[in-house]
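Reviewing the structure listed below.
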Amino acid sequence: MSGKQIEMVDLQSQYFRLKDEIDRAILAVNESCAFINGPQVKEFSTHLETYLKTSHVIPCGNGTDALQIALMALGLRPGDEVLVPAFNYVAAAEAVALLGLVPVMVDVEPRTFNISPWQIEPCISRRTKAIIVAHLFGQACDMETILNIAKAYHLYVIEDNAQSLGADYIDKDGALRKAGTLGHIGTTSFFPSKPLGCYGDGGAIITADRRLAERIRMITMHGQESKYHHKVIGCNSRLDTIQAAILDVKLKYLDEFNAYRIKLAIRYNKMLASCKHLKIPQKSSFSSHIYHQYTLIIKDGKRDFFQQYLREKGVPSTVYYPLPLQDQDAFKGIAFMPSKPKVASDLCKSVLSIPIHTEMTKEVQDYIIKTVQEADQLA
């Protein structure tokens, strides 16, 4: 296909679409010189609280900090166990290990890629204190089941919502709640490619619990209760004012952006469903899916062929994730698992994500579909 190179995510075109608003927001911060904890940080926090229908959003430096601060706020002690999904980015398990806690790798569902509620209970021991669930690729985990398990065992639940901000969880009565607001603490990342992304690093911690919010806020500011009075051991993790200003602009478009990716995914599903060597993503009945990633399962050991063929035709693709956490060198001798997470291992050998983003044209998507179909016929 001639013309602009196909991207996994096209941040440049998205910027040009919002350029006037974003440039004005950045200029206002520059003119005020309130680069740290300027008024835009509070304004963005308030607007995100309203969007999520929650009580407290505490911005921080990045999504990994958000996870670590959430764990610190719960008062866990070295040696305590925290359950984490084995098929996931490293950040959650890394934050657990950094605090001297024990990451326990839990297997995931084969079609939704999210942590399997049915694998959680066998992983619980007398040392287990919390569960981190990751709402992967754009849809929520089975939170009602997970929360019921957590309640029975007196466990905290932390939601890693970096990839599903804006997704709705649908409870058994049909009520909608935003992913990231159901557990004791939610976390998110504003990494540029995320559903709500800034132009650098950023993150936030979400909770409806006032006392937890106060502790989290202290931790993000060196444990300060008031200036120069440090009540707890904390860290320095702040969202820059410029990034908050950018995010406040983009938050207004979050539902529109998510809806467009859903539209693209529906078309992918329709056109790729008949391909014999792949499975299209499965949407859960209890969650909307905002398709932060459009992730295929390539069957019959054909993933390398698909990826190479797409590359030759100018279509990028990415493997999220090529190695399960239990096989990462960093966790040898640190992590624990009652049984090896087999589904996670199998997914790492078969998943392939193809481009989906807010600026994708029909012409580009048509070309990607045609190329995937060709690969399927040739495989």
Side-chain angles (χ1 to χ4, degrees), residues 63-64 66-110 112-136 140-162 179-180 182-187 205 207 209 211-212 215-216 219 232-233 321 323-348:
T64 306
L67 288 160
Q68 181 172 325
I69 291 163
L71 289 163
M72 292 170 71
L74 297 177
L76 307 186
R77 299 177 178 277
D80 287 345
E81 294 177 357
V82 180
L83 310 189
V84 298
F87 184 74
N88 190 26
Y89 186 60
V90 71
E94 181 180 48
V96 171
L98 279 168
L99 295 174
L101 308 170
V102 178
V104 179
M105 308 300 185
V106 181
D107 215 349
V108 298
E109 293 290 304
T112 67
F113 316 124
N114 280 330
I115 192 168
S116 171
W118 323 116
Q119 298 298 323
I120 287 175
E121 202 161 5
C123 294
I124 295 172
S125 78
R126 60 181 178 80
R127 293 180 296 276
T128 307
K129 297 296 187 291
I131 307 169
I132 297 179
V133 301
H135 303 312
L136 210 61
C141 301
D142 183 353
M143 289 302 294
E144 278 188 282
T145 305
I146 292 167
L147 289 169
N148 285 336
I149 294 169
K151 184 177 180 180
Y153 288 91
H154 307 289
L155 306 178
Y156 293 110
V157 176
I158 297 171
E159 296 173 77
D160 177 354
N161 198 37
L182 292 97
H184 296 88
I185 304 176
T187 68
I205 306 113
T207 186
D209 186 313
R211 286 178 296 180
L212 268 178
R215 185 171 176 84
I216 289 165
I219 291 170
V232 298
I233 296 297
Y321 301 94
L323 194 63
L325 291 178
Q326 73 266 15
D327 292 340
Q328 299 283 355
D329 288 344
F331 295 106
K332 290 179 179 176
I334 296 175
F336 172 71
M337 64 205 83
S339 60
K340 188 165 184 177
K342 183 180 184 304
V343 174
S345 296
D346 291 344
L347 288 174
C348 288

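Along the sequence shown, residues are numbered consecutively beginning with 1. Since the model is a prediction, treat every value here as computed from it, not as a measurement. The figures that follow rest on heavy atoms only: side chains count, while hydrogens, waters and symmetry mates do not.
With sequence neighbours excluded, the residues satisfying side-chain hydrogen bond (donor to acceptor under 3.5 Å, both in side chains) with Glu109 are Ser116. Checked against salt bridge (Lys or Arg N to Asp or Glu O under 4.0 Å), Asp209 has no partners two or more places apart in sequence or in another chain. For Asp346, the side-chain hydrogen bond (donor to acceptor under 3.5 Å, both in side chains) partners at least two apart in sequence or on another chain are Lys342. For Phe331, there are no ring-ring contact (aromatic ring centres under 6.0 Å, His included) partners, not counting sequence neighbours. Every side-chain hydrogen bond (donor to acceptor under 3.5 Å, both in side chains) that Tyr321 has, sequence neighbours left out, goes to Gln163. Scored by the side-chain contact (heavy atoms from CB on, under 4.5 Å) test, Pro338 finds Val104, Cys123, Phe336 as partners (sequence neighbours excluded). Every residue meeting the side-chain contact (heavy atoms from CB on, under 4.5 Å) condition with Ala86, not counting sequence neighbours, appears here in chain and number order: Met105, Gln326, Pro341, Ala344. Looking at residues two or more places apart in sequence or on another chain, you find no side-chain hydrogen bond (donor to acceptor under 3.5 Å, both in side chains) involving Thr112.
Within the structure, every pair that satisfies the side chain to side chain donor-acceptor pair (under 3.5 Å) test and touches residues 329-338, not counting sequence neighbours, is listed here: Asp329-Lys332. Here salt bridge (charged side-chain N to carboxylate O under 4.0 Å, His left out) pairs that include residues 73-91, with residues two or more places apart or in two chains, are Asp80-Lys129, Glu81-Arg127. Residue pairs meeting the side chain to side chain donor-acceptor pair (under 3.5 Å) criterion with at least one partner in residues 83-104, sequence neighbours excluded, do not occur; the list is empty. The salt bridge (charged side-chain N to carboxylate O under 4.0 Å, His left out) analysis of residues 144-161, with sequence neighbours excluded, yields no pairs.
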